[in-house]
Amino acid sequence: MTRLWMRTVYLWLVIIILIGGCQNVNSPKEQELLSQAESKVIQFFKDTYQLDVEMTESKKMDASIMPHVLMKGHVIGQEEQRFNISYDYEEEKLTNYVMSAKLEQVIRELGYDPFAETGAE
C-alpha cells in the first residue's frame, strides 16, 4: 500500500511539473514586441487626444492567423473610459480601435471627433 501511495504521489508531481512547464511564457523578442505595441498606443492617445492611458491586457496573435497584438486599456484613473485596439506588427500601425461610450464622450468634451481619421484605422 505504501509503495502504491508513493507512485501516486510521484505521478502527480510529474504531472504538476509538466503542466507548470507548459505555461505560456513570452520570449524576450515577444516581450519587446508587446512593449513596443503598448508604447505606440500610449503615444497615440497622448498625441491625438492628450489623454494618459494604461494597458490592462496585451496578447500577441500568431502571425499565421493575424500579425497583431491585441490590447485593452483605459484612461489612467478612469476605468470606465475603456478601449480596445490592435497593433499590426508587420505593417507597424494601429488598427481596429473601439472605445466605450464614456471615452467617446470625454474625447468629444475635449473638442475632438473620436471617429475622425487618426493614426488608428
Side-chain angles (χ1 to χ4, degrees):
M1 186 69 153
T2 306
R3 195 175 186 123
L4 178 61
W5 184 81
M6 289 296 288
R7 285 184 181 175
T8 304
V9 169
Y10 179 73
L11 178 63
W12 277 109
L13 284 173
V14 169
I15 290 171
I16 290 169
I17 290 169
L18 287 175
I19 291 173
C22 295
Q23 292 180 358
N24 185 16
V25 178
N26 292 331
S27 70
K29 186 176 179 180
E30 283 187 20
Q31 191 57 47
E32 183 179 333
L33 179 63
L34 292 175
S35 294
Q36 177 186 11
E38 289 179 5
S39 294
K40 294 266 188 189
V41 171
I42 290 168
Q43 196 61 48
F44 166 75
F45 275 92
K46 188 72 164 168
D47 292 346
T48 308
Y49 306 119
Q50 284 68 53
L51 291 172
D52 293 317
V53 299
E54 62 185 345
M55 308 313 299
T56 56
E57 189 177 323
S58 299
K59 180 180 179 184
K60 178 184 173 283
M61 300 297 292
D62 187 340
S64 64
I65 297 171
M66 183 171 65
H68 288 195
V69 175
L70 306 179
M71 295 170 282
K72 293 181 181 182
H74 58 81
V75 174
I76 294 176
Q78 304 294 325
E79 292 185 25
E80 70 282 354
Q81 296 174 19
R82 299 177 308 277
F83 61 89
N84 294 357
I85 195 165
S86 65
Y87 175 69
D88 183 329
Y89 53 85
E90 285 183 350
E91 296 186 23
E92 297 186 358
K93 67 179 185 177
L94 297 172
T95 63
N96 305 321
Y97 171 43
V98 295
M99 68 188 90
S100 68
K102 285 281 191 186
L103 180 54
E104 178 185 345
Q105 177 184 355
V106 167
I107 290 172
R108 288 188 188 284
E109 288 172 357
L110 291 171
Y112 301 102
D113 178 357
F115 303 108
E117 274 298 313
T118 61
E121 297 177 354

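- Two residues are said to be in side-chain contact when any heavy atoms from C-beta on lie closer than 4.5 Å; Leu34 and Met55 fail this criterion.
- Taking the side chain as every heavy atom from C-beta outward, Asp52 and Lys46 approach each other to under 4.5 Å.
- Residues Glu91 and Asp88 approach most closely at N-OD1, 3.0 Å, considering heavy atoms.
- Relative orientation of the Tyr97 and Phe83 rings is perpendicular, given thresholds of 30° and 60° on the angle between their planes.
- Each of Ile42 and Ile76 belongs to its own hydrophobic cluster when Ile, Leu, Val, Met, Phe, Trp and Tyr are linked at side-chain heavy-atom distances under 4.5 angstrom.
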Test side chain to side chain contact (heavy atoms under 4.5 Å, CB included) on Tyr112 and Leu51; report intermediate values, then the result. CA-CA 12 Å; Tyr112 301 102; Leu51 291 172; over 6 Å; no
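- The NZ atom of Lys72 sits 14.0 Å away from the CD1 atom of Ile85 when rounded to the nearest 0.5 Å.
- Of the inter-residue distances, the one linking Leu94 atom CG with Ser86 atom OG reads 8.0 Å to the nearest 0.5 angstrom.
- No side-chain heavy atom of Val75 sits less than 4.5 Å from a side-chain heavy atom of Tyr49.
- Taken from NZ in Lys93 to NZ in Lys40, the straight-line distance is 13.0 Å, to the nearest 0.5 Å.
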Passes side chain to side chain contact (heavy atoms under 4.5 Å, CB included), Lys59 versus Val69? Steps please. CA-CA 5 Å; Lys59 180 180 179 184; Val69 175; over 6 Å; no
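- Atom CD of Glu79 sits in a sparse spot, with 12 or fewer heavy atoms from other residues, nucleotides or ligands closer than 6.0 Å.
- Here the CD-OG1 distance, from Glu38 to Thr56, works out to 9.0 Å after rounding to the nearest 0.5 Å.
- For the pair Val41 and Tyr87, the minimum side-chain heavy-atom distance is 4.5 Å or more.
- Leu70 and Leu103 are not part of a single hydrophobic cluster, where members link through side-chain heavy atoms under 4.5 Å apart.
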What do the steps show when you test Phe45 against Glu54 for side chain to side chain contact (heavy atoms under 4.5 Å, CB included), and what is the final call? CA-CA 10 Å; Phe45 275 92; Glu54 62 185 345; over 6 Å; no
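- Between atom CG of residue Asn84 and atom CE of residue Met71 there is a gap of 10.0 Å, rounded to the nearest 0.5 Å.
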Between Leu110 and Gln50, does a side chain to side chain contact (heavy atoms under 4.5 Å, CB included) hold up when you go through it step by step? CA-CA 9 Å; Leu110 291 171; Gln50 284 68 53; 5.8 Å; no
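- Within a 6.0 Å radius of CD in Glu32, other residues, nucleotides and ligands contribute 12 heavy atoms or fewer.
- Evaluated for a side chain to side chain contact (heavy atoms under 4.5 Å, CB included) with Met99, the options His74, Gln105, Glu104 yield exactly one hit, Glu104.
- A distance of 4.5 Å separates NZ in Lys60 from CD in Glu30, rounded to the nearest 0.5 Å.
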